[in-house]
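All values below come from the heavy atoms of this structure, side chains included, with hydrogens, waters and symmetry mates left out.
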Amino acid sequence: MTIECDLLDRAQVHAAVRTTIDRLGKIDVLINNAGIIEVGPLEDMNREDFDRAMQLHFWAPYELISEVVPEMRLWGGGRIVNISSIGGKVAVPHLAPYAASKFALTGFSDAIRAELARDNIRVTTVAPGLMRTGSHVNAKFKGRHDAEFAWFSAGAGAPLISMNADRAARKILAACRRGQPSLTLTFAARGAIVGNALFPNLIGYVMKIINRFLPDSAGESGRQSRAGWELQRRTPEWMTRLADRATELNNEDATSSVNR
């Protein structure tokens, strides 16, 4: 059964939960997986960008969990999986709204884990690294749009440091079944988290160096948000080949949905 729901609308969130329970009787597993991302320098971001990221990455899971937990208690337990991000453990430049909201989700997920355990509700916090989902075409970009899209999409599909979405999904479901407290996906992500925990000053300096190579602000024109699919054809194909292949496999082609 599929239920359409705008997670930015609190009333629709509550209605979706009630409809699910009315149709199926109960909810055994809740996976908070929806996400958005806006890429660009801080000076081109505004309050609305942060509000939207917080609404989807933090407040929507909060509302869903608040609705589902009382039901799970009635049935003797359940599973909650919150898909955060490596960006919720290690902040990356040019992703400030995304990182701030994912840090909030990570903290909330970790905080409720111990409290809900007494009710046999297992909470798993997932921190994926770079995922080959193909969603780079649906990401939003500010600043020097073409340059921002180029570095982001190249990283999203980079071999060795990114993971296939199907493989990631299998690992997440396995962690959910076990009630595993935490799951970090990709070796690179685990290395970044450990490095940040052991050598926070060094990682801070590294991020400063990385930021020097990222595009500067583009002024007034850079404050316009543009979708990845608008910029895709301007980036050399060899840079995004794996990410583009994932776009087709995971039905992330935004142009087809826009035209419908």
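Side-chain contact between Arg23 and Thr19: present, with at least one pair of heavy atoms (C-beta onward) separated by less than 4.5 Å. Two residues are said to be in side-chain contact when any heavy atoms from C-beta on lie closer than 4.5 Å; Val81 and Ile83 meet this criterion. Put simply, the side chain of Trp151 reaches to within 4.5 Å of the side chain of Val39, judged on heavy atoms. The shortest distance between side-chain heavy atoms of Ile65 and Asn82 falls below 4.5 Å. Between His94 and Leu42, the closest side-chain pair of non-hydrogen atoms is not below 4.5 Å. The shortest side-chain heavy-atom distance between Ile203 and Pro200 does not fall under the 4.5 Å cut-off. Between Asn120 and Arg122 there is a side-chain heavy-atom pair separated by less than 4.5 Å. Contact of the Arg73 side chain with the Ile121 side chain is registered, since non-hydrogen atoms from C-beta on lie closer than 4.5 Å.
Hydrophobic clustering of Ile, Leu, Val, Met, Phe, Trp and Tyr side chains at less than 4.5 Å, counting indirect connections, keeps Leu30 apart from Leu173. Transitive grouping of hydrophobic side chains (ILVMFWY, heavy atoms separated by less than 4.5 Å) keeps Leu105 and Val69 in distinct clusters. One hydrophobic cluster holds both Val68 and Leu56 under the rule that ILVMFWY side chains link at heavy-atom gaps under 4.5 Å. Two different hydrophobic clusters hold Leu74 and Ile21 under the rule that ILVMFWY side chains link at heavy-atom gaps under 4.5 Å. Hydrophobic cluster membership differs between Val123 and Val29, with clusters built from Ile, Leu, Val, Met, Phe, Trp and Tyr side chains linked at under 4.5 angstrom.
Note that OG of Ser84 and CG of Asn33 are 11.5 Å apart. Values are rounded to the nearest 0.5 Å. For the atom pair OG of Ser109 and CG of Asn32, the computed distance is 8.5 Å after rounding to the nearest 0.5 Å. With rounding to the nearest 0.5 Å, the separation of NZ in Lys89 from CG in Asn196 is 10.5 Å. Glu71 contributes atom CD, which lies 11.5 Å from atom CG of Asp28 (distance to the nearest 0.5 angstrom). In this structure, the separation between CG on Asp51 and CH2 on Trp59 is 11.5 Å, given to the nearest 0.5 Å. Taking CZ of Phe103 as the start and OG of Ser85 as the end, the distance is 9.5 Å to the nearest 0.5 Å.
A donor-acceptor pair is defined here as one N or O able to donate and one able to accept, closer than 3.5 Å; such a pair exists between the side chain of Arg190 and the backbone of Thr184. In this structure, His145 contributes its side chain and Gln224 its backbone to a donor-acceptor pair below 3.5 Å. Side-chain atoms of Ser135 do not come within 3.5 Å of backbone N or O of Asn138 as any donor-acceptor pair. With Ser221 contributing its side chain and Ala218 its backbone, the two residues share a donor-acceptor pair below 3.5 Å. Without hydrogens or angle criteria, Arg79 side chain to Cys176 main chain gives a donor-acceptor distance under 3.5 Å. For the pair Ser217 (side chain) and Asp44 (backbone), a donor-acceptor distance under 3.5 Å is absent. A donor-acceptor pair under 3.5 Å links the side-chain atoms of His57 to the main chain of Ile36, judged by distance alone.
Taking the charged nitrogens against the carboxylate oxygens, Lys142 and Asp49 do have a contact shorter than 4.0 Å, which makes a salt bridge. Salt bridge absent: Lys140 and Glu38 never bring a charged side-chain N and a carboxylate O closer than 4.0 Å. Salt bridge Glu220/Arg223: present, at least one basic N to carboxylate O contact under 4.0 Å. Electrostatic pairing of Asp146 and Arg144 does not count as a salt bridge here, judged by no charged N lying under 4.0 Å from a carboxylate O. Between Arg170 and Asp166 no salt bridge is recorded (no basic side-chain N to carboxylate O distance below 4.0 Å).
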Worked check of side chain to side chain donor-acceptor pair (under 3.5 Å) between Thr125 and Arg113: CA-CA 9 Å; Thr125 307; Arg113 181 187 301 125; 2.9 Å; yes
After noting the C-alpha distance and the side-chain angles of Arg132 and Ser162, does the key distance pass the side chain to side chain donor-acceptor pair (under 3.5 Å) rule? CA-CA 6 Å; Arg132 292 196 299 274; Ser162 64; 2.8 Å; yes
Starting from the C-alpha separation in whole Å, work towards a yes-or-no answer on side-chain contact (heavy atoms from CB on, under 4.5 Å) for Leu7 and Leu64. CA-CA 9 Å; Leu7 290 172; Leu64 284 161; 4.0 Å; yes
Give the intermediate values and the outcome of side-chain contact (heavy atoms from CB on, under 4.5 Å) for residues Ile37 and Phe152. CA-CA 11 Å; Ile37 191 165; Phe152 179 82; 3.7 Å; yes
Under the side-chain contact (heavy atoms from CB on, under 4.5 Å) criterion, do Glu67 and Val13 qualify, and how do the steps go? CA-CA 9 Å; Glu67 288 282 309; Val13 171; 5.5 Å; no
Would you please test Ile172 and Thr124 for side-chain contact (heavy atoms from CB on, under 4.5 Å) and show each step? CA-CA 9 Å; Ile172 291 169; Thr124 300; over 6 Å; no
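Nearest approach of Met131 to Ala168, heavy atoms of both residues: SD-CB, 3.5 Å. Taking all atoms of both residues into account, the shortest heavy-atom contact from Leu183 to Lys171 is CD2-O, 3.7 Å. Pairing each heavy atom of Glu148 with each of Pro41, the nearest pair is OE2-CD, 3.4 Å. Nearest heavy-atom pair across Tyr98 and Gly87 is CE2-CA, 4.5 Å. Pairing each heavy atom of Gly155 with each of Leu130, the nearest pair is O-CD1, 3.2 Å. In terms of heavy atoms, Ala189 sits closest to Ile86 at O-CD1, 3.6 Å.
The aromatic rings of Phe141 and Phe149 stand perpendicular to each other, their planes meeting at an angle above 60°, with 30° marking the opposite boundary.
Taking a 6.0 Å sphere around OH of Tyr62, one finds it holds 12 or fewer heavy atoms contributed by other residues, nucleotides or ligands.
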